[in-house]
**Student:** 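This structure is in structure tokens; I'll ask about it shortly.
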There are 2 protein chains.
Amino acid sequence: MKDLSEIKQCPRQFVLAINDTLNVLSGKWKLPIIASLLYGKKRYKEIQGNIENITPRMLSKELKELELNGVVIRKVYDTTPVRIEYSLTASGKDILKVLDAMVDWGVEHRKSAIA
Amino acid sequence: MKDLSEIKQCPRQFVLAINDTLNVLSGKWKLPIIASLLYGKKRYKEIQGNIENITPRMLSKELKELELNGVVIRKVYDTTPVRIEYSLTASGKDILKVLDAMVDWGVEHRKSAIA
DNA sequence: AAAGTAGATATACTAAAGTATAGTAATATT
DNA sequence: AATATTACTATACTTTAGTATATCTACTTT
């Protein structure tokens with residue numbers, strides 16, 4: 001998703017904020033990657049092993065994007081061979097709050113859908 | 001997005017709940033539509049007038065999906081000519097809580113991105 | 001020296017999401 | 001009678017997201 005500017009009657013900064021959040025969460029792989037890193041820093045192959053069926057192309061593409069968006073940190077250790085560790089930024093960890101709100105809504109919504 | 005089942009180490013029902021929420025929010029038009037209905041029930045043409053550049057195809061497709069997902073109610077008035085009103089279900093209105101969490105995260109994230 | 005691992009990139013492709021444009025049925029307005 | 005409005009649907013197309021498969025460099029292990 002790129003643009004939510006179609007929403008009117010709502011402060012622009014709020015629209016931008018929601019937009020940012022949705023950009024960080026949407027797509028097939030960003031959330032699994034964030035989830036994997038919520039349990040601590042990981043190396044490329046560890047994340048890959050954690051997430052079933054993700055291709056290396058998708059994993060590096062998404063990690064790059066998450067890094068660019070200030071959600072993930074890529075740390076290169078100057079050893080031989082190089083060791084690369086991915087972790088969440090403070091913001092990245094804070095997404096848990098959003099996920100909590102989403103869990104709450106989703107659970108309640110399922111209840112009311114049955115009723 | 002269809003499937004987030006790649007996330008491990010997290011209760012399945014939570015994954016499903018997040019999945020549901022993301023399905024209701026992601027895509028280019030669902031949020032603008034929900035936002036438009038947060039200000040009260042509206043007719044098709046009103047929503048269309050509210051949201052710049054949405055095509056009738058997208059609007060009816062998305063409304064149908066939101067209705068199917070228990071977020072929107074479509075009420076047909078038996079007048080001549082028929083009058084159709086769209087509104088949010090209780091669940092639909094509750095999405096505001098998720099949006100609030102998203103606004104909070106987005107705003108904080110922008111702050112820390114600047115710093 | 002050959003095979004394997006870490007951390008990717010390149011190229012080509014398919015599938016899903018979204019756009020453009022036209023058209024429909026039923027009624028209302030002039 | 002002609003035009004406009006509401007609430008859409010149909011068809012074709014483009015764009016974006018995701019998949020499949022092969023390859024690369026630098027190093028380690030056997």
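Chain naming here is simple, since letters A, B, ... match the order of the sequence lines and numbering starts at 1 in each. Note that the structure is a prediction, hence the values are computed from the model and not measured.
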**Student:** Expressed in angstrom and rounded to an integer, what is the separation of B/N50 atom CG from D/dT6 atom C1'?
**Tutor:**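 Between C1' of D/dT6 and CG of B/N50: 16 Å.
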**Student:** Could you pull out all residues at least two apart from B/K41 that satisfy side chain to side chain contact (heavy atoms under 4.5 Å, CB included)?
**Tutor:**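 With neighbours one apart ignored, the set is B/E85, B/S87.
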**Student:** Taking atom P of C/dA26 as reference, at what distance in whole Å does atom CG of B/D78 sit?
**Tutor:**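 After rounding, the gap between these two atoms is 15 Å.
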**Student:** Could you state the atom-to-atom distance from CD of A/E62 to C1' of D/dA17 in whole Å?
**Tutor:**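 Value for this atom pair: 9 Å.
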**Student:** For B/R110, which residues count as a side chain to side chain contact (heavy atoms under 4.5 Å, CB included) partner, sequence neighbours excluded?
**Tutor:**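 Side chain to side chain contact (heavy atoms under 4.5 Å, CB included) check on B/R110 returns A/L16, A/D20.
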**Student:** Starting at CD1 of A/I54 and ending at C1' of D/dT19, how long is that distance when rounded to a whole Å?
**Tutor:**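 Roughly 11 Å, once rounded to whole Å.
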**Student:** Classify every nucleotide of nucleotides 5-13 of chain C by which part a protein heavy atom approaches to under 4.0 Å, writing B for the base, S for the sugar-phosphate alone and - for neither, in 5'-to-3' order.
**Tutor:** -SBBB-BB-
**Student:** What integer distance in Å separates A/I51:CD1 from D/dT19:P?
**Tutor:**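 Value for this atom pair: 12 Å.
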**Student:** Which pairs with one or both residues in residues 62-76 of chain A pass side chain to side chain donor-acceptor pair (under 3.5 Å), sequence neighbours excluded?
**Tutor:**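 For residues 62-76 of chain A: A/R74-A/Y86.
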**Student:** Compare every heavy atom of A/S26 with every heavy atom of A/K30, then report the nearest pair and how far apart it is.
**Tutor:**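 Looks like NZ-O, 2.9 Å.
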**Student:** Report the residues that fulfil side chain to side chain contact (heavy atoms under 4.5 Å, CB included) with A/S60, sequence neighbours left out, ordered by chain and then residue number.
**Tutor:**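 With sequence neighbours excluded, A/S60 shows a side chain to side chain contact (heavy atoms under 4.5 Å, CB included) to A/Y44, given in chain and number order.
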**Student:** Could you state the CG-P distance from A/N23 to D/dT16, rounded to the nearest angstrom?
**Tutor:**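 Going from A/N23 (CG) to D/dT16 (P), I get 14 Å.
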**Student:** Quick one: side chain to side chain contact (heavy atoms under 4.5 Å, CB included) partners of A/T89, sequence neighbours excluded?
**Tutor:**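 A/T89 satisfies side chain to side chain contact (heavy atoms under 4.5 Å, CB included) with A/I73, A/S91 only.
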**Student:** For A/E108, what residues pass the salt bridge (Lys or Arg N to Asp or Glu O under 4.0 Å) criterion, not counting sequence neighbours?
**Tutor:**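 Residues passing salt bridge (Lys or Arg N to Asp or Glu O under 4.0 Å) with A/E108: A/K111.
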**Student:** Shortest non-hydrogen contact from B/P32 to B/W29?
**Tutor:**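 For B/P32 and B/W29, the tightest heavy-atom pair comes out as CD-O, 3.2 Å.
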**Student:** When the distance from CG of B/L22 to P of C/dA17 is rounded to whole Å, what number comes out?
**Tutor:**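 That distance rounds to 12 Å.
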**Student:** Among all residues two or more places apart in sequence or in another chain, which pass the side-chain hydrogen bond (donor to acceptor under 3.5 Å, both in side chains) test with B/T55?
**Tutor:**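 Once residues adjacent in sequence are excluded, B/T55 has no partner under the side-chain hydrogen bond (donor to acceptor under 3.5 Å, both in side chains) criterion.
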**Student:** Write down the distance between CD (B/Q48) and P (D/dC8), rounded to a whole number of angstrom.
**Tutor:**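 Going from B/Q48 (CD) to D/dC8 (P), I get 11 Å.
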**Student:** Between protein and nucleic acid, restricted to nucleotides 28-30 of chain C and to nitrogen or oxygen atoms under 3.5 Å apart, what atom pairs and distances do you find?
**Tutor:**
unit_1: C/dA28; atom_1: OP1; unit_2: B/T80; atom_2: O; d: 3.0

